[in-house]
Peer 1: 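Right, I'll just put the structure down here and ask away after.
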Amino acid sequence: MSQNRPKTPATLPRELFMEKIPEVLSGIRVPDLPYPAGTAGDAAVCDWRPLLFSCWTEQRDERVMQLVRSVSLNWSVRQINAAYVADRIMDTFVQTSGLHPGLARRVARLRFFFAWRMSEEGASTFSEDVLAWLDGLQEFRGWSASGGRSARALLDQLDSLVISVSACFETGALEPLEAFCRDWQADSEKRAQQVSRLRQRLLETEMGAARQRRAEQTARALVGRTLKGRQLPRPIITFIFDHWMLLLKQVVWAGEVDGENWRHGKKLLEWLVWIGDPALSDKDRNRLYHVGEQIGDRILDVWNRIVGKPLPAKALEGIQSVMMARLRGEIPDLIAALPDETGFSWDASWLSFNGPDSKKVEGLEGQWFVEGEGAGEQRRYFFALLPDTAEILWTNGSGVKLGLQPWPLFEAERRQGDLRPLPALTPFGLVLTEAVSALSGVLERQRILREKAIREARSRTAAIMKEKEAAETKRRAEEVKRLAEIDRVRREEHEKRLADERAERKRLEQEKLTEGQRLVDSIKLGGWITFDEKDANGDPVRMKLAVRINASNKLVFVDRLGLNRREFQGNDLVEAIVSGSVRVLGSSAEFDETLSRVVGRIRVGRNS
């Protein structure tokens, strides 16, 4: 099946491809997947290998994400993403690989193994041997669940795959699967050599068989059309079926249809019928004599030229006896040339056989076609169009014949949609690359959105901080303004209080001066005053007013004996009385009371 061996798909460089898988496994976030709420430690993450191993050994067809959702365990982000990526790759492979659905589903069960390996090893899961084996599965694009030997052989090989992957689960290594893949590839190369020989042998055999069928059917068609409805002598019928059909087949086999030999063979067949049927030959007796003289020699001449070996000696005896009887005017015993009980079948279309237009056939050979749907679909390989019969030789792609189909029937089935071309196959490597590239693109967009969100969050934070700083600055400014206003008010109140106190003190001083002046004015001659000084006995010094000089506003005080003398200007005495160094006797109590009230008001004013 060398013509079907897959070409290496155009993929990303392996280094770049390997770099993308770890990034996708660790960075991508898919909506609605059961990611852990926080960052779980290694001890909190469940070991899912036993669970995946169980699903693999049971050969289950469910998705890994369905399995993950069905159990309430702690999964890491990497496990969730590995499950999602494995499902996506294998779902795409089932849909686009072009392999038979039953075969694709068997291979897709590797999703359990790939999910486990990706969560553990990342991109190293897809080694060169594994990818080469998966890409090589295109060799079996023509596999169908026919129950035949070749179909069962592939299923047996896939049973070996189950054992190899199970060993990987048990040992925790990839080597058992890689060894399986290498052995598979070695067997594939051997099959390719065998298939090449089988194909060549099958083509040669079927081409010869088709040529033989063409000769057989064309000769039968000519004989059937010529003998249809005729009553002929038995010797003529016997000669036609025993000898002349062989000659006609030989002509067709040699590819001389519509050639000179074919025209001679056809003409002599018509002469034999014309001679043996009285209804035809009795109308022209002269011609009957003429034909009768030449028929034997003409038959031998054509026979020797075409067949290449002498006609059996007694082959023409029956024809000659019939001819003699006819020349004597006798009517031989006649029988139906094509009795119904003989079962001789023929198809007149072979006499006008023309193969299909080469343009219609162009590009069909080497193509796969599908009949049926789903698991029951059957695949056929258009191995060759046999030119001698316009029949399609269907095979399984490995040199095993599946059957023949006439070209018109093939076209009718195609028009009705019963037979359709197999869509182009997609190698696993291309599926893997496209899936990872698409997810990498999603990851890049998510990264851009995350960075944008971070920038926006930072911008919002900065704006909030600026707003807070501005609000704080404004608050501080308002606070400073408020404190300044309070200070101003306090200063104004303090200044007002000081001014009030000064005014009050001034008023009180003025009152004391007024009161002092009143007291001074009230001192009569002989009125006594006392000083805050002490005499020799420790008693306050007392003096009485001796003289008041109104012109100079002078007051003269003397002691009891009239010896000591003190003079005061009126204003000076008032000040002395206000200051308390001098007291006017007789009015001192009233003055003290007045002075106490003044002093009390001054204290109250200060405390307020």
Side-chain angles (χ1 to χ4, degrees), residues 205-281 291 295 298-299 302-303 305-307 311-312 315-316 318-319 322 332-356 385-394 401 403-413:
T205 301
E206 291 300 324
M207 290 285 284
R211 195 172 183 183
Q212 182 66 36
R213 285 195 301 278
R214 169 76 181 278
E216 175 73 22
Q217 294 298 329
T218 305
R220 293 174 70 90
L222 180 60
V223 171
R225 187 182 67 176
T226 304
L227 300 185
K228 181 181 180 181
R230 296 297 178 186
Q231 298 284 327
L232 299 176
R234 184 178 295 277
I236 293 180
I237 297 174
T238 301
F239 177 81
I240 291 174
F241 281 102
D242 291 348
H243 302 289
W244 207 245
M245 273 191 65
L246 177 63
L247 178 140
L248 295 175
K249 292 177 186 179
Q250 188 75 21
V251 173
V252 179
W253 173 266
E256 297 180 3
V257 177
D258 296 331
E260 182 179 355
N261 287 335
W262 177 255
R263 289 195 300 272
H264 287 314
K266 178 181 178 182
K267 188 64 176 176
L268 289 174
L269 176 62
E270 293 174 352
W271 278 10
L272 288 173
V273 173
W274 185 80
I275 291 172
D277 189 351
L280 298 174
S281 54
V291 172
I295 188 68
R298 296 292 297 274
I299 287 176
V302 172
W303 179 272
R305 186 170 66 248
I306 295 175
V307 178
L311 185 67
L316 293 177
I319 295 177
V322 171
D333 295 333
L334 303 178
I335 62 174
L338 294 177
D340 295 337
E341 60 271 13
T342 61
F344 182 83
S345 61
W346 54 280
D347 184 357
S349 64
W350 284 97
L351 297 175
S352 58
F353 172 82
N354 285 312
L385 179 69
L386 304 178
D388 291 304
T389 57
E391 293 174 313
I392 298 170
L393 175 57
W394 295 110
K401 177 182 175 181
L404 298 171
Q405 183 179 36
W407 176 262
L409 182 58
F410 168 74
E411 286 192 313
E413 289 187 354

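What you see is a predicted model, and the numbers here were worked out from it, not measured in a lab.
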Peer 1: To the nearest 0.5 Å, how far apart are CD1 in Ile295 and CD1 in Ile275?
Peer 2: 4.5 Å

Peer 1: So how far is it from Phe344 CZ to Arg220 CZ, rounded to the nearest 0.5 Å?
Peer 2: 4.5 Å

Peer 1: Please report the shortest heavy-atom distance between Leu404 and Glu391, naming the atom on each side.
Peer 2: CD1-OE1, 4.0 Å

Peer 1: With a 4.5 Å heavy-atom cut-off, do Val257 and Arg214 have their side chains touching?
Peer 2: yes

Peer 1: For residues Leu334 and Gly276, report the shortest heavy-atom separation together with the two atoms involved.
Peer 2: CD2-O, 3.6 Å

Peer 1: Can you run down the side chain to side chain donor-acceptor pair (under 3.5 Å) pairs that involve residues 242-255, sequence neighbours left out, and say none if there aren't any?
Peer 2: Glu216-Lys249

Peer 1: Quick check: closest heavy atoms across Arg305 and Asn261, and the distance to 0.1 Å?
Peer 2: NE-OD1, 3.1 Å

Peer 1: Using 0.5 Å steps for rounding, measure from the CG atom of Leu247 to the CD1 atom of Ile306.
Peer 2: 4.0 Å

Peer 1: List, one per line, each side-chain donor-acceptor pair under 3.5 Å for residues 223-239, sequence neighbours excluded.
Peer 2:
residue	atom	partner	partner atom	Å
Thr226	OG1	Leu222	O	2.7
Arg230	NH1	Asp277	OD2	3.3
Gln231	OE1	Ala336	N	3.3
Thr238	OG1	Arg234	O	2.9

Peer 1: In a table with atom names and distances, give each donor-acceptor pair under 3.5 Å that connects a side chain of residues 263-271 to protein atoms at least two apart or in another chain.
Peer 2:
residue	atom	partner	partner atom	Å
Arg263	NH1	Asp258	O	3.3
His264	NE2	Glu260	OE2	3.4

Peer 1: Rounded to the nearest 0.5 Å, what separation is found between the CG atom of Asp388 and the CD atom of Glu206?
Peer 2: 12.0 Å

Peer 1: Nearest 0.5 angstrom please: Leu248 CG to Glu256 CD, how far?
Peer 2: 12.0 Å

Peer 1: With side chains defined as the heavy atoms from C-beta onward, is the minimum distance between Trp350 and Thr389 less than 4.5 Å?
Peer 2: yes

Peer 1: Heavy atoms, side chains only, cut-off 4.5 Å: are Leu338 and Trp346 in contact?
Peer 2: yes

Peer 1: What pair of heavy atoms forms the shortest contact from Thr218 to Trp262, and how long is it?
Peer 2: CG2-CH2, 3.8 Å

